[in-house]
Amino acid sequence: MVLNKKGSVRDVGLAMVALFAVGLISFILLFVYNSASGIITEADGIKGTAAEEVFDAGSTNLQKTDIINFSILIGFFIGVIGLGWLVGGIPVFMVLYIIFLIVVGAASALLTYVWDTITGQVIFGSTIDQLTLTNFIVGNLTLFIVLMGFAGLIAMYVRGQAVE
């Protein structure tokens, strides 16, 4: 018997928080960088020099946080399924898993609403257009979290049946 087994619905909640946090941080960083570099590149000593190209390259690199957010989604999805399989589960506790998954799904809907409210602000302009994949993931966070939770539930139930 292994104590302190991990691989429960808590991992789905952690995935929800991580995806939202990385998305929000990358959005804010990209907005601040674009604003600051726009002001800096308008200066007479910078305009038309190699420094302007460096600032443009920095913006392009920050847009690659889309890939990081997608990688986190895939990593958590595989992790929840894998850990659910390794841990297995007792069918009686599947009801608790589903109830907690509903709570996590509702919380992810709230985070999606917060995301839409923040990114829709006029002050941010078209910054969200540069993070298309992150906007898709966090904008549909509830769907991804519920799918991830049910995939983990199925993996736990299948493993629990195989052990019996």
Side-chain angles (χ1 to χ4, degrees), residues 1-34 59-164:
M1 182 170 152
V2 179
L3 298 177
N4 293 328
K5 296 190 282 186
K6 303 296 180 193
S8 63
V9 75
R10 292 179 297 170
D11 298 334
V12 177
L14 178 63
M16 173 189 67
V17 172
L19 287 168
F20 178 76
V22 170
L24 188 62
I25 289 170
S26 61
F27 175 74
I28 291 171
L29 283 176
L30 184 63
F31 172 72
V32 169
Y33 186 85
N34 285 343
S59 178
T60 303
N61 287 337
L62 275 175
Q63 291 174 16
K64 293 179 182 174
T65 57
D66 266 350
I67 298 169
I68 293 172
N69 212 5
F70 183 69
S71 300
I72 290 172
L73 174 68
I74 297 300
F76 268 111
F77 199 89
I78 292 171
V80 164
I81 292 172
L83 290 173
W85 174 262
L86 291 174
V87 169
I90 301 170
V92 174
F93 292 117
M94 298 300 166
V95 175
L96 294 175
Y97 189 103
I98 291 172
I99 291 170
F100 193 71
L101 186 60
I102 291 170
V103 171
V104 170
S108 66
L110 180 66
L111 290 180
T112 299
Y113 175 75
V114 169
W115 173 262
D116 289 338
T117 303
I118 291 172
T119 58
Q121 298 293 319
V122 176
I123 191 169
F124 293 121
S126 63
T127 303
I128 195 63
D129 295 337
Q130 298 173 356
L131 295 173
T132 55
L133 195 55
T134 299
N135 188 33
F136 178 74
I137 291 171
V138 182
N140 296 309
L141 190 60
T142 305
L143 174 68
F144 289 118
I145 292 302
V146 170
L147 286 176
M148 186 183 307
F150 276 115
L153 178 69
I154 290 169
M156 286 177 71
Y157 182 72
V158 168
R159 171 62 176 189
Q161 293 298 318
V163 170
E164 290 178 1

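- Atom CG of L29 is separated from atom OG1 of T65 by 8.0 Å, given to the nearest 0.5 angstrom.
- Of all non-hydrogen atoms in W85 and A155, the two that sit nearest each other are CE3-O, 3.7 Å.
- Note that CG of N69 is 11.0 Å distant from CD1 of I74, once rounded to the nearest 0.5 Å.
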When you look at L19 and L141, which way does the side-chain contact (heavy atoms from CB on, under 4.5 Å) test go after all the steps?
CA-CA 8 Å; L19 287 168; L141 190 60; 3.9 Å; yes
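- Residues L153 and I98 have side chains in contact (heavy-atom distance under 4.5 Å, counting atoms from C-beta outward).
- Separating the CG atom in L62 from the OG1 atom in T127 is a distance of 11.0 Å, to the nearest 0.5 Å.
- Within 6.0 Å of OH on Y33 lie more than 12 heavy atoms contributed by other residues, nucleotides or ligands.
- Between R10 and V104 the shortest side-chain heavy-atom distance does not fall below 4.5 Å.
- Checked against the 6.0 Å centroid threshold, F144 and F77 do not count as a close aromatic pair.
- No donor-acceptor pair closer than 3.5 Å links the side chain of N135 to the backbone N or O of L131.
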Would T134 and F27 count as a side-chain contact (heavy atoms from CB on, under 4.5 Å) here? Give the steps.
CA-CA 9 Å; T134 299; F27 175 74; over 6 Å; no
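- In this structure, M16 and M148 have side chains that are not in contact, with every pair of non-hydrogen atoms separated by 4.5 Å or more.
- In this structure, F76 CZ and I145 CD1 are separated by 9.0 Å, a value rounded to the nearest 0.5 Å.
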I128/W115 under side-chain contact (heavy atoms from CB on, under 4.5 Å): CA gap, chis, key distance, verdict:
CA-CA 11 Å; I128 195 63; W115 173 262; 3.5 Å; yes
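- Side chain to side chain, Q130 and N34 meet the donor-acceptor criterion of an N or O pair below 3.5 Å.
- Taking CG of L147 as the reference point, atom OG1 of T142 lies at 10.5 Å (rounded to 0.5 Å).
- A distance-only check finds no donor-acceptor pair linking the side chain of Y157 to the backbone of G152 [under 3.5 Å].
- The side-chain heavy atoms of T117 and Y113, taken from C-beta on, include a pair separated by under 4.5 Å.
- In terms of heavy atoms, F70 sits closest to L133 at CB-CD2, 3.6 Å.
- In this structure, L73 CG and I68 CD1 are separated by 14.0 Å, a value rounded to the nearest 0.5 Å.
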Determine whether L101 and V12 satisfy the following criterion, side-chain contact (heavy atoms from CB on, under 4.5 Å), listing intermediate values before the conclusion.
CA-CA 8 Å; L101 186 60; V12 177; 4.2 Å; yes
